[in-house]
Amino acid sequence: RIRLAVNLSARQFHHYNLVRQVEDTLKTAGLSAADLDFEITETIAMHNAEESVGVMRQLKSLGIGLSLDDFGTGYSSLSYLKRFPIDVLKIDKSFVRDIPEDANDLAIVSAIIAMAHALGLKVIAEGVETSAQWHFLRDCGTQMGQGYFFARPLPAAEIEALLARGTSLPASIDAPGISSASA
């Protein structure tokens, strides 16, 4: 099964009729809500945190997965982090870029991963470009990664061809049992 991850803009996320539009779109497309994941940036979620919690709960009630994107770059409050009904915490590439060389980034990333796991969340690291970065992240318990290490961006036609052939992206070769979030 293929999960579709969609980045929601601030305008989309705060649209008064978002949940209804999502329900209608899922029905029209014949897509199961369980196959859909919305990525919401930390900044968008914190803009009006109380309202965000309500919208997220409504989306979760449909069966949609939720990811908090660009974690660590906004104005996150740990009290809200525990209230957001999210499934995945996405570590921003600005923290991944200099690992394993930068001791501060190593400490921050390790702490984010440990915190996410303690909260029962999966972790995706963005901006993974080297084997050394991926091995550190994987050793810390990161389940998925995005970045050039796994695959360069591909035109839609090439992705369709890969899917039609049942071919996986290169990430699955390097990390058996760990999925890539590259596509």
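Being a predicted model, the structure only gives us computed values, none of them experimental.
- Under the 3.5 Å distance criterion, the side-chain polar atoms of Thr142 are matched with a main-chain donor or acceptor of Leu137.
- Residue pairs satisfying the salt bridge (charged side-chain N to carboxylate O under 4.0 Å, His left out) criterion with at least one member in residues 116-131, sequence neighbours excluded, are listed as follows: Lys90-Glu126.
- In this structure, Tyr16 is not a member of the same hydrophobic cluster as Leu8, with clusters built from ILVMFWY side-chain heavy atoms closer than 4.5 Å.
- Note that CG of Leu4 and CG of Leu31 are 6.5 Å apart. Values are rounded to the nearest 0.5 Å.
- To the nearest 0.5 Å, the span separating CD1 on Ile64 from CG on Leu26 amounts to 5.5 Å.
- Salt bridge absent: Arg3 and Asp35 never bring a charged side-chain N and a carboxylate O closer than 4.0 Å.
- Cluster membership check: Tyr148 does not share its hydrophobic cluster with Met144, using side-chain heavy-atom separations under 4.5 Å among Ile, Leu, Val, Met, Phe, Trp and Tyr.
- Rounding to the nearest 0.5 angstrom, the gap separating the NE2 atom in His135 from the CD atom in Gln133 is 11.0 Å.
- Taking every heavy atom of both residues into account, Ser52 and Ile44 meet most closely at OG-O, 3.8 Å.
- For the residue pair Met56 and Pro85, the shortest heavy atom distance occurs at CB-CG, 3.5 Å.
- Side-chain atoms of Glu42 come within 3.5 Å of backbone atoms of Gly72 as a donor-acceptor pair (strictly under, hydrogens ignored).
- A donor-acceptor contact shorter than 3.5 Å links the side chain of Ser61 to the backbone of Gln58.
- Looking at residues two or more places apart in sequence or on another chain, you find a side-chain hydrogen bond (donor to acceptor under 3.5 Å, both in side chains) between Ser9 and Gln12.
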Determine, step by step, whether Asp87 and Lys60 satisfy the salt bridge (charged side-chain N to carboxylate O under 4.0 Å, His left out) criterion, reporting the C-alpha distance in whole Å, the side-chain angles of both residues, the deciding distance to 0.1 Å, and the verdict.
CA-CA 10 Å; Asp87 306 292; Lys60 287 294 292 180; 2.7 Å; yes
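- You'll find the side chain of Phe38 stays beyond 4.5 Å of the side chain of Ser67, heavy atoms only.
- Using a 4.5 Å heavy-atom threshold, the side chains of Trp134 and Phe150 count as touching.
- Pairing each heavy atom of Val55 with each of Phe13, the nearest pair is CG1-CE1, 3.5 Å.
- Ser110 and Leu106 get closest at one heavy-atom pair: OG-O, 2.8 Å.
- His47 meets the side-chain hydrogen bond (donor to acceptor under 3.5 Å, both in side chains) test with no other residue; sequence neighbours excluded.
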Side chains of residues 153-162: which donor-acceptor partners sit under 3.5 Å, not counting sequence neighbours?
none

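- In this structure, CG on Leu36 lies 9.0 Å from CG on Leu59, to the nearest 0.5 angstrom.
- Atom CD in Glu51 sits 5.5 Å away from atom NE2 in His14 (nearest 0.5 Å).
- Put simply, the side chain of Leu68 does not reach to within 4.5 Å of the side chain of Val88, judged on heavy atoms.
- Between His117 and Val123, the shortest heavy-atom contact is NE2-CG2, 3.9 Å.
- Under the 4.5 Å side-chain criterion, counting only non-hydrogen atoms from C-beta, Phe84 is not in contact with Leu66.
- If you check the side chains of Thr73 and Asp92, you find no donor sitting under 3.5 Å from an acceptor.
- Going from atom CG of Leu121 over to atom CD1 of Ile113 covers 12.5 Å, rounded to the nearest 0.5 Å.
- Distance alone, capped at 3.5 Å, is enough to place a donor-acceptor pair between the Ser32 side chain and the Ala34 backbone.
- The stretch residues 9-30 participates, sequence neighbours left out, in these salt bridge (charged side-chain N to carboxylate O under 4.0 Å, His left out) pairs: Arg20-Asp24.
- Of all non-hydrogen atoms in Leu81 and Met115, the two that sit nearest each other are CD2-CE, 3.7 Å.
- Qualifying side-chain hydrogen bond (donor to acceptor under 3.5 Å, both in side chains) partners for Asp102, counting only residues two or more places apart in sequence or in other chains: none.
- Contact annotation: the side chain of Asp105 never approaches that of Val96 to less than 4.5 Å [non-hydrogen atoms, C-beta and beyond].
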